[in-house]
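This report refers to the structure that appears directly beneath it.
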Amino acid sequence: MLRWSDPAKLKMKGWGWLALLLGVLLGTAWARRSQDLHCGACRALVDELEWEISRVDPKKTIQMGSFRINPDGSQSVVEVPYARSEAHLTELLEEVCDRMKEYGEQIDPSTHRKNYVRVVGRNGDSSELDLQGIRIDSDISGTLKFACESIVEEYEDELIEFFSRESDNVKDKLCSKRTDLCDHALHRSHDEL
């Protein structure tokens, strides 16, 4: 039993509460940092995939077929647009996270949340970009790349599903609704897909 007459025990108990409070605050800050990182990686991943898909000639097609042979001895072969084919998307997913080195970290002044923005232009030049207030270093690009790779590994099927057909607002639909990686940015249920 703790008595008011024992100040050493009261002081010790006070430190315990302070440590607990500090642990909760640090845990909350870490969770928010992790959520900002994974959300930013997802949004950057979507930007990069959309860019790569837009660069492919829309007339370019790939033959997709079935291994099944029809009764007449022929095989069913269909031509599909190459840009959104599973083969092309799989190829893109293998390389896309390497582009995270072209991103930096920016703190939103109103929400104090971290955003990740491209710091190297698509042509390889950064002179046309406004880099004021953006932190650029290898730690940021390394953790962003690792988060991107984790997302690709965990959500590869969803990524291919979303990008195999044209869709509006892929960032919101994929990063917020389907995966909850950005659930702080958009509060909608999965049923609205």
Side-chain angles (χ1 to χ4, degrees), residues 29-58 60-65 80-108 111 113-124 126 129 134-193:
W30 181 85
R32 184 172 133 180
R33 180 178 177 267
S34 177
Q35 186 177 45
D36 288 351
L37 175 66
H38 284 87
C39 178
C42 184
R43 296 177 75 77
L45 170 68
V46 169
D47 280 343
E48 293 302 320
L49 290 173
E50 286 178 336
W51 169 256
E52 288 298 327
I53 289 169
S54 73
R55 294 182 58 210
V56 175
D57 180 1
K60 187 175 181 179
T61 60
I62 186 172
Q63 290 186 344
M64 302 294 291
V80 296
Y82 176 72
R84 295 187 180 275
S85 68
E86 186 173 344
H88 183 237
L89 293 172
T90 301
E91 182 181 306
L92 290 177
L93 289 175
E94 290 175 8
E95 306 166 351
V96 70
C97 294
D98 291 336
R99 292 192 192 90
M100 296 302 118
K101 66 182 177 224
E102 299 171 355
Y103 282 77
E105 182 180 83
Q106 182 180 44
I107 308 277
D108 185 301
T111 63
R113 299 207 74 128
K114 294 178 182 176
N115 297 315
Y116 296 89
V117 294
R118 188 168 247 295
V119 295
V120 177
R122 298 284 183 194
N123 62 4
S126 60
L129 300 174
I134 298 174
R135 207 173 112 213
I136 305 166
D137 67 37
S138 60
D139 287 343
I140 291 170
S141 60
T143 54
L144 194 61
K145 180 182 178 188
F146 182 75
C148 176
E149 290 168 344
S150 299
I151 292 167
V152 168
E153 185 177 325
E154 186 171 347
Y155 298 106
E156 182 175 3
D157 294 338
E158 286 87 349
L159 288 161
I160 290 172
E161 175 190 335
F162 269 89
F163 285 100
S164 65
R165 52 186 157 72
E166 288 193 46
S167 181
D168 295 333
N169 300 322
V170 174
K171 277 185 205 172
D172 290 338
K173 289 178 182 175
L174 181 68
C175 299
S176 296
K177 294 178 187 178
R178 179 64 66 91
T179 64
D180 286 334
L181 292 168
C182 297
D183 66 349
H184 68 279
L186 188 67
H187 297 286
R188 293 185 185 149
S189 68
H190 292 287
D191 297 335
E192 293 180 29
L193 280 174

Which heavy atom of [X] sits nearest to which heavy atom of [Y], and what is that distance?
X      : Y      : answer
Gly104 : Val119 : N-CG1, 3.5 Å
Gly40  : Leu144 : C-CD1, 4.2 Å
Ala87  : Ile62  : CB-CD1, 4.2 Å
Ile140 : Thr143 : O-OG1, 3.0 Å
Ser141 : Met100 : CB-O, 3.7 Å
Cys175 : Val46  : SG-CG2, 4.0 Å

Check your understanding: If only atom types and distance count, is the side chain of Thr179 paired as donor or acceptor with the main-chain N or O of Leu174 below 3.5 Å?
Key ->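 Yes.
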
**Study point:** Backbone N/O of Lys173 and side chain of Ser176: donor-acceptor pair under 3.5 Å
**Key:**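 Here the side-chain-to-backbone pair does not exist.
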
Would you say that [X] contacts [Y] through its side chain, given a criterion of any heavy-atom pair below 4.5 Å between the two side chains?
X     : Y      : answer
Leu45 : Leu159 : yes
Leu92 : Glu48  : no
His88 : Val56  : yes
Leu49 : Leu89  : no
Asp57 : Tyr82  : no

Exercise for review: Could you check Arg118 against Asp47 for side-chain contact (heavy atoms from CB on, under 4.5 Å), going step by step and ending with a plain yes or no?
Suggested key: CA-CA 10 Å; Arg118 188 168 247 295; Asp47 280 343; over 6 Å; no

**Study point:** Salt bridge Arg178-Asp172, side-chain N to carboxylate O under 4.0 Å
**Key:**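 The answer is no: the pair does not qualify as a salt bridge.
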
With a cut-off of 6.0 Å (strictly less than), are more than 12 heavy atoms of other residues, nucleotides or ligands near [atom1] of [X]?
X      : atom1 : value
Glu153 : CD    : no
Arg165 : CZ    : yes
Glu86  : CD    : no
Lys171 : NZ    : yes

Rounded to the nearest 0.5 Å, how far does [atom2] of [Y] lie from [atom1] of [X]?
X      : Y      : atom1 : atom2 : result
His38  : Ser150 : NE2   : OG    : 5.0 Å
Gln106 : Asp108 : CD    : CG    : 7.5 Å
Phe146 : Ile151 : CZ    : CD1   : 11.0 Å
Ile107 : Arg135 : CD1   : CZ    : 7.5 Å

Exercise for review: Not counting sequence neighbours, which residues clear side-chain contact (heavy atoms from CB on, under 4.5 Å) with Asp98? List them please.
Suggested key: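 Lys145.
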
Point to revise | CA sep, side-chain torsions, deciding dist, call: Arg122, Arg55, side-chain contact (heavy atoms from CB on, under 4.5 Å) | key: CA-CA 11 Å; Arg122 298 284 183 194; Arg55 294 182 58 210; over 6 Å; no

Check your understanding: Are Arg43 and Leu181 close enough, and set up right, to give a side-chain contact (heavy atoms from CB on, under 4.5 Å), and what steps lead you there?
Key -> CA-CA 9 Å; Arg43 296 177 75 77; Leu181 292 168; over 6 Å; no

Exercise for review: Under the disulfide bond (SG atoms under 2.5 Å apart) rule, what do Cys39 and Cys182 come out as? Steps first, then yes or no, please.
Suggested key: CA-CA 5 Å; Cys39 178; Cys182 297; 2.0 Å; yes

Point to revise | Verdict with supporting geometry, Leu37 and Tyr116, side-chain contact (heavy atoms from CB on, under 4.5 Å) | key: CA-CA 8 Å; Leu37 175 66; Tyr116 296 89; 3.8 Å; yes

